[in-house]
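Just below is one structure, and these are the notes that go with it.
Throughout, a chain's letter reflects where its sequence line sits, starting with A, and its residues are numbered from 1.
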Amino acid sequence: SRRAMGRAMGLLVGLLVGLFLVPAVLVSTGFRPGAPHAGPELAPELSEREPGSSGSLWPLPQWLRTSGRRLQLAPSRFQLVPGAGSSAGPTCDVLQDAFRRYYGYIFGQSRRRKRGLGPLGVPREPELSQLEVVIESRDPGCRSYPHLGSSESYHLTVAEPVAVLKADEVWGALRGLETFSQLVHEDDYGSFLVNESEIVDFPRFAHRGILLDTSRHYLPLKSILTNLDAMAFNKFNVLHWHIVDDQSFPYQSVVFPELSEKGAYSYNLIYTPSDVRLVIEYARLRGIRVIPEFDTPGHTQSWGKGQKDLLTPCYSGQKPSGSFGPVNPILNTTYDFMTKFFREISTVFPDAYIHLGGDEVNFDCWKSNPEVKEFMWSKGFGGDYAKLESYYIQKILDIVSSYNKRSLVWQEVFDNKAQLKPDTVVEVWIGNNYPYELSQVTGAGFTAILAAPWYLDYISYGQDWKKYYSVEPLNFLGSEKQKKLVLGGEACLWGEYVDATNLTPRLWPRASAVGERLWSSRNVTDLQDAYERLTNHRCRML
Amino acid sequence: AESEQLDGTPCTELLVFVGTPGCDGFPSLDSNESYKLLVSEGFLLLSADAIWGALRGLETFSQLVGRDKNGTYYINKTEIVDFPRFPHRGVLLDTSRHYLPLRAILETLDVMAYNKFNVFHWHIVDDPSFPYESLTFPELSKQGAFNAMTHVYTASDVKTVIEYARLRGIRVIVEFDTPGHTLSWGPGAPGLLTPCYSGKDPSGTYGPVNPILNSTYQFMTSLFQEVSTVFPDFFLHLGGDEVDFTCWKSNPKIRAFMKEMGFGEDYKKLESFYIQRLLDIISSLGKGYIVWQEVFDNGVKVRPDTVVHVWKENSTPYMQEMANVTKAGYQALLSAPWYLNRISYGQDWMAAYQVEPLKFEGIPEQKDRVIGGEACMWGEYVDVTNLTPRLW
């Protein structure tokens with residue numbers, strides 16, 4: 001243990017003080033479920049964490065106090081159970097599944113699972129017999145899906161004889177279980193130990209995502225599920241599923257089966273409705289939202305294979321050239337299609353948000369098409385094709401809105417001055433001067449998420465995790481009110497050079513750096529301490 | 001080609017004809033890897049002078065077989081005459097920066113065979129760890145491995161690698177890099193490394209192998225005696241790269257030695273002194289050697305059949321180095337543009353592909369001295385979790 005005996009006394013006093021102060025923290029700063037906001041920064045004097053003494057927790061909790069006193073766990077007897085007064089009990093599948101999962105993570109390959117006739121050997125330390133999980137809110141969330149406003153805060157007390165994990169909602173319990181599993185360590189003799197500790201934790205940002213691209217390369221289900229596990233180890237809570245794009249359309253639509261029939265790489269490289277349900281449920285059990293992205297009007301080549309007349313025919317002079325461009329914004333059939341298509345999407349994906357894309361629309365094809373040119377003139381758009389793009393996007397936003405869904409869009413949609421609904425989230429991805437873009441987006445009153453500095457598909461030699469870790473999302477010119485509009489960010493792994501053969505080692509543990517940046521407090525920036533914890537965390541994830 | 005008529009008679013066998021017997025031997029630099037492949041109506045023949053050519057031909061044959069949409073295996077009528085442009089085509093793996101379990105090495109050998117590589121350059125030990133279990137000096141791995149039980153290569157492991165490689169026509173050239181890159185040797189061989197000094201007193205840290213002690217050369221003789229028997233290839237790689245002189249300079253006994261030998265302040269002379277004695281030891285063991293380019297750059301007197309391994313990209317542009325090495329009469333291996341551990345975004349395979357190893361000014365005899373090259377996968381950021389997708 002790294003706690004020196006000499007500091008035990010001071011810590012004991014501190015522990016008592018801390019136990020008194022923590023409720024004050026809870027009352028004054030408040031864990032406010034339901035309001036997406038940047039977590040309150042704790043006053044420095046309440047933070048008991050010393051540099052280099054945080055074990056290998058990742059991401060680092062907001063407030064943590066550990067003592068030198070160790071407790072021992074016996075795999076044959078230790079239990080994760082719902083506690084008295086919890087609004088979520090044995091019928092809560094999210095918790096039950098988590099208990100089983102975390103028992104496995106904690107004890108790993110240990111053979112001493114069976115309840116024996118009595119303890120084998122004399123415990124050197126007092127025994128910790130169970131961790132009780134108490135969900136405090138009347139509606140724990142067991143039967144529902146996590147959402148942007150979910151509470152992920154938790155309060156963990158590890159003390160003899162029983163540890164207690166309190167959380168408002170089950171989602172906080174999941175985060176706390178992950179942390180608890182990180183606290184348990186093995187000593188040189190194979191005994192499972194945990195230091196007496198107290199942790200008060202909550203995420204700094206509510207939207208902490210990973211983008212996977214299953215169009216440039218198909219990703220088998222197993223790959224996606226393994227990734228969801230890794231996300232849970234790092235407290236990520238959003239899977240941004242960039243499911244289709246130019247290259248392939250693997251999403252099997254019930255209403256438009258030809259989209260994947262003609263657009264997928266092959267008949268077996270698709271996601272059936274059952275596959276999609278599996279991903280969504282697997283994610284839900286880990287407190288992860290699944291936000292699908294159906295990117296239009298650009299990035300849609302594969303859509304045209306299965307849906308005739310959806311894409312704009314490009315012209316070479318007076319005649320169609322044979323190639324196609326973005327979605328055709330001037331036809332009613334386009335919007336009929338989108339209406340039906342997004343109705344299905346709205347039912348299949350339970351999250352309140354859908355990502356509509358809207359990036360990198362190349363205007364050349366539209367410009368070449370005489371009917372489009374005619375339309376531009378009739379609408380009075382002049383030569384400004386950004387207006388045509390906005391015209392299109394606005395109609396899609398309306399369609400999606402009519403299904404009671406909210407939208408995320410890439411930054412171009414905002415940059416090109418489309419009229420967005422007030423609750424549209426703008427994703428900032430262009431690397432050049434993204435702090436300026438954040439100022440602009442939040443200055444206009446929109447919520448934003450940051451992806452620009454976290455394109456993890458851009459690999460380079462050496463310890464590039466440091467550069468991702470050093471990003472400070474709120475380093476831009478703006479008022480406090482504006483800063484609160486930054487909901488979080490996403491680490492993106494675009495798929496041009498990624499498939500199941502290299503996804504996991506490419507994404508992890510580099511994405512872990514982003515995970516801590518989005519969860520932990522702003523002043524957690526020490527690269528040396530991060531290195532120590534991250535190397536341990538990586539081995540643990542393996 | 002879409003639906004083409006399949007010729008009636010199904011092919012039932014590929015005849016493999018090998019001219020010279022030699023199944024029990026080990027491949028060498030001079031091995032003949034040429035082969036001829038003939039696929040015609042009902043008659044398939046693979047002929048090679050040596051067994052190694054047959055292996056190359058089998059790989060090619062396996063690549064020619066296709067499967068149509070009915071599931072039928074077919075092969076086009078073909079005639080191939082093939083042989084390698086360069087006789088030394090290697091892959092370097094580094095098992096010191098990160099231990100690589102046996103299965104990772106064997107898997108790499110399989111993929112090397114798919115790509116007709118024929119040399120496995122095993123950079124087995126270095127500063128961070130010493131996983132090679134030596135029979136003569138068991139303390140080296142006991143003290144120097146990351147974990148003496150789980151992160152070592154036993155004699156049996158090494159035999160497995162050598163035989164697995166042999167069956168694929170791959171030579172195993174082991175590298176015991178000295179006098180630098182040897183920190184992990186220290187714990188198991190007290191007195192081998194130079195104690196660094198902080199002023200008048202030892203600082204507690206160590207530097208390169210100590211070149212002034214007789215015990216050093218006794219040690220090297222014994223170690224390399226063992227290594228020479230364990231590894232059957234004629235060549236050993238002796239390293240000799242990146243020797244940091246700071247520690248030597250700090251040590252008063254070494255400074256005294258420099259004075260005694262009349263080396264002045266030129267520590268390259270001390271490095272050469274060490275290397276020359278090491279090369280003599282290796283020669284007396286009947287082995288040839290490959291060294292990193294510094295040995296050549298620093299003017300060490302080496303045997304004419306020394307192979308110089310060019311790895312630096314910048315200090316001298318590597319093509320210039322290739323010219324210099326071959327002009328001086330030595331054989332050269334190229335690795336500088338092929339450090340595959342230096343990853344970057346996008347299709348970086350193209351940059352590797354476009355390297356032309358003979359693109360330097362020189363007479364034909366010089367060009368003939370370029371025996372080939374090696375793709376290097378240094379292990380600072382590589383272990384079994386990411387080796388395969390990073391290398392291939």
Side-chain angles (χ1 to χ4, degrees), chain A residues 109 186 188 190 213 216-217 219-220 223 226-227 229-230 233 265-268 431 452-468 491-513 531 534-542, chain B residues 67-71 92-94 97-101 103-104 107-108 110-111 114-115 128-129 146-151 311-314 335-353 375-392:
Chain A
Q109 314 288 32
E186 268 184 77
D188 281 351
D213 170 359
R216 274 60 179 264
H217 282 92
L219 294 177
S223 209
T226 300
N227 198 64
D229 280 331
F233 298 154
Y265 279 131
S266 73
Y267 71 89
N268 59 335
W454 292 321
Y455 266 35
L456 302 196
D457 55 314
Y458 287 152
I459 59 172
S460 58
Y461 179 67
Q463 294 199 47
D464 58 354
W465 70 272
K466 293 186 182 180
K467 119 182 132 191
Y468 303 130
C492 302
L493 195 71
W494 295 103
E496 283 85 347
Y497 303 104
V498 175
D499 66 12
T501 67
N502 64 356
L503 186 146
T504 302
R506 188 163 290 199
L507 186 54
W508 308 99
R510 293 192 305 142
S512 300
Y531 177 82
L534 185 56
T535 38
N536 287 333
H537 182 57
R538 173 185 181 259
C539 288
R540 182 171 52 218
M541 287 201 281
L542 291 174
Chain B
R67 208 165 180 200
D68 68 17
K69 54 181 193 276
N70 299 323
L92 178 152
L93 286 187
D94 169 0
R97 274 58 180 265
H98 282 94
Y99 179 77
L100 292 175
R103 68 175 196 275
E107 183 177 86
T108 303
D110 277 333
V111 191
Y114 302 155
N115 291 270
S129 74
F146 284 133
N147 179 312
M149 295 304 298
T150 58
H151 290 51
W311 69 272
K312 289 179 160 179
E313 278 214 83
N314 289 323
S335 278
W338 292 325
Y339 265 37
L340 303 190
N341 54 308
R342 298 202 150 258
I343 58 173
S344 58
Y345 177 70
Q347 296 199 49
D348 55 357
W349 68 272
M350 295 188 184
Y353 192 79
C376 300
M377 186 48 74
W378 294 103
E380 284 85 347
Y381 303 105
V382 174
D383 67 12
V384 70
T385 67
N386 64 357
L387 170 68
T388 301
R390 189 162 289 202
L391 184 52
W392 306 103

Exercise. Around B:Met350, counting heavy atoms of other residues, nucleotides and ligands shown, do more than 12 lie under 6.0 Å from its CE?
Worked result: yes

Exercise. For chain A, which residues from residues 379-389 of chain B lie under 4.5 Å away (heavy-atom distances)?
Worked result: B:Glu380, B:Tyr381, B:Asp383, B:Thr385, B:Asn386, B:Pro389

For this session: Output every pair passing salt bridge (charged side-chain N to carboxylate O under 4.0 Å, His left out) with a member in residues 503-512 of chain A, not counting sequence neighbours, ordered by first then second residue.
Result: A:Asp464-A:Arg510

Problem set entry | For B:Arg390, all residues meeting side-chain hydrogen bond (donor to acceptor under 3.5 Å, both in side chains), sequence neighbours excluded | none

Exercise. Hey, which residues of residues 340-347 of chain B are touching chain A, say heavy atoms under 4.5 Å apart?
Worked result: B:Asn341, B:Arg342, B:Ile343, B:Ser344, B:Tyr345, B:Gly346, B:Gln347

Problem set entry | Heavy atoms from other residues, nucleotides or ligands near OH of A:Tyr461 exceed 12 (cutoff 6.0 Å) | yes

For this session: Answer with side chain, backbone, both or neither: which region of A:Tyr497 has an atom nearer than 4.5 Å to a non-hydrogen atom of chain B?
Result: side chain

